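Just so you know, residue 1 is the first one in the sequence shown, and it goes up from there. In each ligand, atom 1 is the first atom listed, and ligand 1 is the first ligand listed. Just so you know, these numbers come straight off a predicted model, no measurement behind them. Just so it is clear, the values below take in all heavy atoms, side chains as well, and ignore hydrogens, waters and symmetry mates.
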Amino acid sequence: MASEKPPVVVTCTAPVNIAVVKYWGKRDEELVLPINSSLSVTLHQDQLKATTTAAISKDFTEDRVWLNGTEEDIGLPRLQACLREIRCLARKHSSTEDGNSLPLSLSYKVHVASVNNFPTAAGLASSAAGYACLAYTLAQVYGVESELSEVARRGSGSACRSLYGGFVEWQMGERPDGKDSVARQVAPESHWPELRVLVLVVSAEKKQTGSTAGMQASVETSALLRFRAEAVVPARMAEITRCIRERDFQGFGQLTMKDSNQFHATCLDTFPPISYLNDTSRRIIHLVHRFNAHHGQTKVAYTFDAGPNAVIFTLDDTVDEFVAVVRHSFPPEGAGDKFLKGLPVKPVLLSNELKATLAVDPSPGSVRYIISTQVGPGPQMLDDPHLHLLGADGLPKPAA
Ligand code: DP6
């Protein structure tokens, strides 16, 4: 690349993923190596995504990163680890290509701007999408074509699963250097078109313990976590993979709920205990079980990460009825028309029999809104230069 050239600029998007077999606990903090394998569903970027622009130029004097318009501390160890890894891969790539001089671009500083299309305050896992997007975008700008699990993982463990669409496993690996701790697609997004996802954004009073600190405390103090990693997860990974391959919703839903419950049990087994679920989360859990009991089968399944929001899996023939059940149990406060975002849902009248089985004391406003979405593809590069988040000067464009 000639030094007279304007900055090389690339913009990409990456998805949020939600684990159905949870990652909780590291065996190596520095390399971000997990104590168990995990498996996730990639959510569609039409509803939830991170967008990142990276630019390299000989005119930049330092690496700089902006997140949702605010400049981040470039010294953050995780950012540094991602930048170091991608430059290391780029160096390897270029030396295998022609064996001699390094491309000039490798000595250039990089500017990065990243935004999420969903409020970070909603408490949705944004770091996975953000670091996957960073890894993918940096790879494009530096011309790296290799496997990016390690780059994304060094930012945030769960981010390596956002590098692929559909159903994705993160194999824990065995090597101390982590080279075999990688994400792999189990099935593409087209595999199970009937599968639908509802994110129930729950009102929460205060910030929870972050995942990094939380899992560290669990590794140090929870014997249940060790048991889970050694004796439960390996068989569960195999079984849920079978359920996905066979599109067996009953099996998939039951394992998803059991794994979420076991993860939260390990949090309670941590000393001092960690609680991510709140009263609304627990009400949602019981609502799902009563709904399934009413139908005599597992039609809906929940999972919760390190916060009180519920992610619900169901099939397209059940979405409308279950959303009506949520509205009935958690009547929207204020602007009811903003209660549902994303894919359309039809209104349905609930039968008196179902209302009686649910036996709920309505709790107005406890679910703030629902994002209705589906399984989606992995990261993508955007062609349209108008979509770059950095201007020709390498600084963030003012928000439109
Ligand atoms: C509960 O990937 O956020 O969402 O590697 O420390 O950044 P770090 O943790 P992170 O943990 C995610 C935990 C989880 C479960 C999961 O996504 O598998």
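In terms of polar-atom proximity, N17 is not counted as a contact of ligand 1, lacking any N or O under 3.5 Å from an N or O of the ligand. Ligand 1 has a nitrogen or oxygen under 3.5 angstrom from a nitrogen or oxygen of T212. When only interatomic distances are considered, the shortest N/O to N/O separation between W24 and ligand 1 does not fall below 3.5 Å. The shortest N or O to N or O distance between F263 and ligand 1 is not below 3.5 Å.
Heavy-atom proximity to M215, at under 4.0 Å, picks out these atoms of ligand 1: 9 (O), 11 (O). Atoms of ligand 1 lying under 4.0 Å from any heavy atom of K26, numbered from 1 in the order shown and given with element: 5 (O), 6 (O), 8 (P). Distances below 4.0 Å separate heavy atoms of S211 from the following atoms of ligand 1: 3 (O), 9 (O), 11 (O). The contact set between ligand 1 and A19, taken as ligand atoms under 4.0 Å from a residue heavy atom, comprises 16 (C), 17 (O), 18 (O).
Taken from CG in L387 to OG1 in T11, the straight-line distance is 7.0 Å, to the nearest 0.5 Å.
In this structure, K299 fails the cation-pi test against F291, since its NZ or CZ atom is not both closer than 6.0 Å to the six-membered ring centre and inside 45 degrees of the ring normal.
Salt-bridge annotation for R87 and D63: present, with a side-chain N of the basic residue lying under 4.0 Å from a carboxylate O of the acidic one. Ionic pairing of D59 and K109 is not present here: no N-O contact between side-chain nitrogen and carboxylate oxygen is shorter than 4.0 angstrom. A salt bridge links R184 with E147: the closest approach of a Lys/Arg side-chain nitrogen to an acidic carboxylate oxygen falls below 4.0 angstrom. Using a 4.0 Å cut-off between a side-chain N of Lys or Arg and a carboxylate O of Asp or Glu, D177 and K179 do not qualify as a salt bridge.
With a heavy-atom cut-off of 4.0 Å, H264 does not touch ligand 1 at all.
Proximity annotation for atom 16 (C) of ligand 1: of R161, E29, R153, K22, R161 comes nearest, heavy atoms only.
Other residues, nucleotides and ligands place no more than 12 heavy atoms under 6.0 Å from the CZ atom of R226.
Two rings, from H286 and Y302, have their centers 6.0 Å or more apart.
Heavy atoms of W170 stay at 4.0 angstrom or farther from ligand 1.
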